[in-house]
Peer 1: 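There's a structure below that I have some questions on.
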Number of protein chains: 2
Amino acid sequence: MEAAAVAVAGSVTPFSGATITRPRPMLREVSRAMAQCSTCSLQQHCVPVGLDMEAARLLDRIVTSRIRLRKRDVLIRPGQPFTALYAIRSGSCKTVLIAEDGNDQVSGYHIAGEIIGADGIATARHDCQAVALEDAEVCVLPFERIEQLARNDSRVQATLHRLLSSEISREHNLMLMLGTMRAHQRLASYLLDLSQRYGSRGYSSSEFMLRMTREEIGSYLGLELETVSRLFSRFHREGLIQVQARLVKLLDRIALKQLVAASA
Amino acid sequence: MEAAAVAVAGSVTPFSGATITRPRPMLREVSRAMAQCSTCSLQQHCVPVGLDMEAARLLDRIVTSRIRLRKRDVLIRPGQPFTALYAIRSGSCKTVLIAEDGNDQVSGYHIAGEIIGADGIATARHDCQAVALEDAEVCVLPFERIEQLARNDSRVQATLHRLLSSEISREHNLMLMLGTMRAHQRLASYLLDLSQRYGSRGYSSSEFMLRMTREEIGSYLGLELETVSRLFSRFHREGLIQVQARLVKLLDRIALKQLVAASA
DNA sequence: CGCCGTCTTGACGAATCTCAAATAAAGTGG
DNA sequence: CCACTTTATTTGAGATTCGTCAAGACGGCG
């Protein structure tokens, strides 16, 4: 009785930031039996963070289903009615802002444990697009249920508020980066951010795979793809990192941090 | 029993983005009797927007006090414990993000009817500074009360969620601007945004006073103050606006919009 | 094996920043 | 209210960063 959250088609749209070249099938809803926060291995990184077992059980009532995404599948499209938040269970997504004039910008890179879709609440429509960067799985959190549960339990309520507010803080950091940093500082900052996020999830914090193209990274950082490429080469040449296509290894984290902090 | 929200000192801090040259007295709390959403003239623009009379009365229980600010008074300082949101009743404020390295950036310009402080929820501490750009008055909305009321009334809850989400959307727009626009487009975009916001509050949408310096505007737009100044001169020369110090008059709104929309 | 999307690198130019100096406006104390 | 001090704004000239255009290399997939 509530497949609404999965009303996400898969065909090409005029919005599409990614170059989708072939029609895609509907996104597939996965058995809801498996969607349980209380037994999920991501508990410490996802919505339930900080909640005790009892509260985590409450969340089991929210997560009604999961969606499997293949690389380039579109999870959210701009203008789409807002019904749910999505928690990434595995894989990664980018979010893309698309202005009326066609201007677009990658506004986020999201990995397991992170939540997307909060932009849609105010207007009841999403204003960004979300696309899988690799095969991924997301949990669907119907917003009505969240609100209902939040009214009945202050822990759930606090979790929701924390979640919305941290999206605001995340964007604050991005704005600081876009508004005050030089190209090389932005890239260094991006690499350190990835490192920190992978590290806190138990992946290597010094060696990882970039899931976005140079162009997408550039868009995210407010730069052209050539600038990103040149900076990767320069960092490599200067011994700060080792980079081979999408595989990056941080060699001198301290120097990277100094780059970011340097006022000039 | 709850003066906590007013625990805001006024002396010089190492953070201070504005150049405050003298010590300032404590911010003054104003009689709480007057703070009533249900009779406030800003109802259509502030928190109560969209609520009926009955729901607006609920908000009266939230707004416990008001604070008067003089120009340059600091309402929120970074790191300060989060206790409340603030609704601007009159006057205007800027919010400033401050990085550890001292890097700072104006992240918002807020006028009557707008809410500030939502960044603090996630970490229980504010991460931005809020400073009055002119004499102003703000309503204090203790967050505990908001949450309590939101649990009991879904209209209040929805209002809160809408409010947090629109802050996210506001920042999305800023990011698009910082990440994809040229200097002249950013300024045109800023002027149109001011125009729209003043207009919707019953002020003139074509003639208004800038409350920020060229430097603050530059910081907000990710530009140097000289660039801002030159652009004001250029827009004036080209007949798009008339500008005399802080007083701006929009002469050709269509051309300004075209500037913003132009892809190159 | 060849195509296509991605990435790298170079050369050049435009946009923007930096530094500097003059002018205008605002704030301060008498 | 005036004279003085400080802050804000404008404008110019030169330096720098980054974007644009172009060509070729790389690599994965059919």
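Note on naming: letters A, B, ... go to the chains in the order of the sequence lines (proteins, then strands), and numbering restarts at 1 for each one.
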Peer 1: Atom CG of B/Leu210 and atom C1' of D/dA8: how far apart are they, to the nearest Å?
Peer 2: 13 Å

Peer 1: Using salt bridge (Lys or Arg N to Asp or Glu O under 4.0 Å) as the criterion, point out the one residue from B/Lys71, B/Arg211, B/Arg72, B/Arg246 that pairs with B/Glu134.
Peer 2: B/Arg211

Peer 1: Just compare D/dG19, D/dT9, C/dT6 and give me whichever is closest to any side-chain atom of B/Arg214.
Peer 2: D/dT9

Peer 1: List for me each residue that meets side-chain contact (heavy atoms from CB on, under 4.5 Å) alongside A/Thr95, sequence neighbours excluded, and say none if there are none.
Peer 2: A/Ser107, A/His110, A/Ile116, A/Cys128, A/Ala130

Peer 1: For the residue pair B/Asp104 / B/Ser219, report whether a side-chain donor-acceptor contact shorter than 3.5 Å exists.
Peer 2: no

Peer 1: To the nearest angstrom, how far is A/Leu178 atom CG from C/dT16 atom P?
Peer 2: 15 Å

Peer 1: Grab the N/O contacts between the protein and nucleotides 21-27 of chain C below 3.5 Å, and write none if there aren't any.
Peer 2:
unit_1: C/dA25; atom_1: OP1; unit_2: B/Gln244; atom_2: NE2; d: 3.4

Peer 1: Apply ring pair (Phe, Tyr, Trp, His ring centres under 6.0 Å) to A/Tyr220 and A/Tyr109, showing your working.
Peer 2: CA-CA 8 Å; A/Tyr220 182 61; A/Tyr109 166 70; 7.9 Å; no

Peer 1: So among B/Val74, B/Leu133, B/Ile88, which one has a side chain to side chain contact (heavy atoms under 4.5 Å, CB included) with B/Cys93?
Peer 2: B/Ile88

Peer 1: State, with a plain yes or no, whether a side-chain heavy atom of A/Ser200 is found less than 4.5 Å away from one of A/Gln196.
Peer 2: yes

Peer 1: With heavy atoms under 4.0 Å as the rule, sort A/Leu223 into base, sugar-phosphate or nothing.
Peer 2: sugar-phosphate

Peer 1: Please state how far atom CE in A/Met181 lies from atom P in D/dT17, giving the value in whole angstrom units.
Peer 2: 17 Å

Peer 1: Is it the case that atom CD in A/Glu215 sees more than 12 heavy atoms from other parts of the structure closer than 6.0 Å?
Peer 2: no

Peer 1: Nearest whole angstrom, please: distance from the C1' of D/dT17 to the CD of A/Gln185.
Peer 2: 12 Å

Peer 1: Can A/Gln242 and A/His236 be counted as having a side-chain donor-acceptor contact under 3.5 angstrom?
Peer 2: no

Peer 1: Using side chain to side chain donor-acceptor pair (under 3.5 Å) as the criterion, list what pairs up with A/Arg197, not counting sequence neighbours.
Peer 2: A/Glu114, A/Asp193

Peer 1: Please list, chain by chain and in numerical order, all residues satisfying side-chain contact (heavy atoms from CB on, under 4.5 Å) with A/Arg253, sequence neighbours excluded.
Peer 2: A/Leu192, A/Ser195, A/Ser205, A/Ser206, A/Leu250, A/Lys257

Peer 1: Would you work out how much the helix from C/dC1-D/dG30 to C/dG30-D/dC1 bends between its ends, with each end axis defined by five base pairs, to 10 degrees?
Peer 2: 50°

Peer 1: What is the distance, to the nearest angstrom, from the CG atom on B/Leu187 to the P atom on D/dT10?
Peer 2: 11 Å

Peer 1: Report the nucleotide, chosen from D/dG19, D/dT10, D/dC18, that has the shortest atom-to-atom distance to any side-chain atom of B/Leu225.
Peer 2: D/dT10

Peer 1: Which whole-number value in Å describes the distance from B/Arg182 CZ to C/dC17 P?
Peer 2: 12 Å

Peer 1: What's the CZ-C1' distance between B/Arg211 and D/dA8, to the nearest Å?
Peer 2: 16 Å

Peer 1: Quick one: does B/Arg214's side chain have a donor or acceptor within less than 3.5 Å of a partner on B/Ser229's backbone?
Peer 2: no

Peer 1: Within the supplied structure, the quantity of interest is the number of heavy atoms (other residues, nucleotides, ligands) at a distance under 6.0 Å from B/Tyr198 OH; does it exceed 12?
Peer 2: yes

Peer 1: Just how far, in rounded Å, is C1' of D/dT7 from CG of B/Leu133?
Peer 2: 16 Å

Peer 1: When you measure from every atom of DNA chain D, which of residues 226-241 of chain A have a heavy atom less than 4.0 Å away?
Peer 2: A/Glu226, A/Thr227, A/Arg230

Peer 1: Under 4.0 Å between any heavy atoms, over every strand shown, what does A/Gly218 touch: base, sugar-phosphate, or nothing? Just pick one.
Peer 2: nothing

